[in-house]
Amino acid sequence: MARVRLSVAERREELLRAAVEQIEARGVAAVRIADVASALGVSNALVLYHFSSKEQLVAAAFSYAAEDDLRHLRKILGRRTSAVRRLRTAVRWYAPTGQAKGWRLWIEGWAAALREPALRDVARDLDRQWKTELTAVIAEGAAAGEFQCADPSSAAWRLTALLDGLAVQMTSYAGSFSRAAMLEWAEEALARELGLDREALTRQSA
């Protein structure tokens, strides 16, 4: 059967999806242009037409996957409800017990970013956007009197640092702690940053 002719944008997205799958399966260091091409039944030349190097493909694939999660985060944080409820929902989704991103892909990306400037720039920009979104809602809730937080930006940094660290532990050392414990720690951290106790956090976000 003849292969359907795709537009440039459609082809690029197809390649990015395949690259994400191959990175998750093989890791950044091991994945090759040939792996992505083979997965789609296309030539290496076609992949290189859209992405001139493996480094560019990996950076674009990482950004593609992360942007999808960033859009979902914005959807959660943009809901017309209390800041506490939005923040708790976001933390539960983002935590390694929830549905946010393929954590293996993120960890692979962070590791590769130490050696690849293009990927490091992408990862830094996306990380900054995550923190900016959380900071805005924390500031909004504090201004509305829902809770007390003198430094929303620092609170967002501490929260994401904890969640990222828990994700590394869950992904790299499966079984060290239960998922329930991880979620409990994440919610306790959120409550602490908002100047609430755990019961108040649960009550206000119910």
Side-chain angles (χ1 to χ4, degrees), residues 8-9 11-74 90-91 93-135 153-177 182 185-186 189:
V8 171
R11 177 69 74 193
R12 181 181 174 86
E13 184 169 359
E14 180 185 58
L15 292 169
L16 290 173
R17 285 198 303 266
V20 168
E21 292 173 359
Q22 292 300 310
I23 292 168
E24 289 179 329
R26 302 170 185 273
V28 171
V31 75
R32 304 169 301 162
I33 290 289
D35 296 321
V36 177
S38 177
L40 294 174
V42 300
S43 67
N44 291 3
L46 187 143
V47 180
L48 290 168
Y49 173 79
H50 291 273
F51 304 96
S52 61
S53 67
K54 171 189 165 178
E55 290 72 26
Q56 286 193 7
L57 176 61
V58 168
F62 183 76
S63 181
Y64 173 78
E67 286 285 0
D68 187 58
D69 279 337
L70 187 56
R71 281 191 293 271
H72 190 73
L73 176 71
R74 286 171 174 153
V91 165
W93 169 75
Y94 182 92
T97 58
Q99 298 302 312
K101 64 178 81 61
W103 279 109
R104 180 179 172 83
L105 177 69
W106 275 90
I107 294 169
E108 287 280 356
W110 290 332
L114 295 174
R115 300 177 299 277
E116 300 178 12
L119 185 54
R120 182 166 59 247
D121 291 343
V122 168
R124 181 188 296 117
D125 179 62
L126 290 166
D127 183 67
R128 186 181 298 117
Q129 290 185 61
W130 277 87
K131 290 178 171 65
T132 296
E133 296 293 335
L134 288 173
T135 297
S153 178
S154 294
W157 274 77
R158 286 189 292 267
L159 276 172
T160 53
L162 171 67
L163 293 170
D164 291 345
L166 291 177
V168 171
Q169 291 291 318
M170 287 292 293
T171 304
S172 302
Y173 312 113
S176 298
F177 295 96
M182 293 284 189
W185 296 344

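Along the sequence shown, residues carry numbers from 1.
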Check: After noting the C-alpha distance and the side-chain angles of Tyr49 and Arg11, does the key distance pass the side chain to side chain contact (heavy atoms under 4.5 Å, CB included) rule?
Finding: CA-CA 11 Å; Tyr49 173 79; Arg11 177 69 74 193; over 6 Å; no

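- The two atoms that bring Asn44 and Ala34 nearest to each other are OD1-CA, 3.4 Å, heavy atoms only.
- Of all heavy-atom pairs between Gln22 and Ala39, the closest is NE2-CB, 3.8 Å.
- Taking OG1 of Thr135 as the reference point, atom CZ of Arg128 lies at 12.0 Å (rounded to 0.5 Å).
- Here the closest non-hydrogen pair linking Val122 and Ala59 is CG1-O, 4.0 Å.
- Closest approach of Asp35 and Ala30 over heavy atoms only: OD2-O, 3.9 Å.
- Residues Leu163 and Ala186 approach most closely at CD2-CB, 3.6 Å, considering heavy atoms.
- In this structure, Leu40 CG and Leu46 CG are separated by 9.0 Å, a value rounded to the nearest 0.5 Å.
- Closest heavy-atom contact between Leu119 and Gly109: CD2-O, 3.5 Å.
- Once rounded to the nearest 0.5 Å, the distance linking CZ of Phe62 with CD of Glu116 reads 11.5 Å.
- Using bins of under 30°, 30° to 60° and over 60° for the plane-to-plane angle, the ring pair Trp93/Trp130 lands in the parallel bin.
- Here the straight-line distance linking atom CG of Leu57 with atom CG of Leu16 works out to 7.0 Å at 0.5 Å rounding.
- For the pair Lys131 (side chain) and Ser154 (backbone), a donor-acceptor distance under 3.5 Å is absent.
- With contacts defined as side-chain heavy-atom distances shorter than 4.5 Å, the pair Leu73/Leu70 qualifies.
- Remark: Ile33 CD1 to Ser38 OG distance equals 12.5 Å, nearest 0.5 Å.
- By the 4.5 Å heavy-atom criterion applied to side chains, Tyr94 and Leu159 are not counted as neighbours.
- In this structure, the side chains of Leu134 and Trp157 stay at 4.5 Å or more apart for every pair of heavy atoms.
- Inter-residue side-chain proximity for Lys54 and Arg32 is flagged as unmet; no heavy-atom pair is nearer than 4.5 Å.
- Ion pairing between a basic and an acidic side chain is recognised when a charged N comes within 4.0 Å of a carboxylate O; Asp127 and Arg124 show no such pairing.
- Using a 4.5 Å heavy-atom cutoff, the side chains of Gln129 and Arg74 are in contact.
- Inter-residue side-chain proximity for Leu162 and Arg158 is flagged as unmet; no heavy-atom pair is nearer than 4.5 Å.
- Side-chain contact check for Val36 versus Glu21: every heavy-atom pair is 4.5 Å or farther apart.
- By the 4.5 Å heavy-atom criterion applied to side chains, Met182 and Gln169 are counted as neighbours.
- Checked by atom type and distance alone, the side chain of Arg26 never pairs as donor or acceptor with a backbone atom of Val31 at under 3.5 Å.
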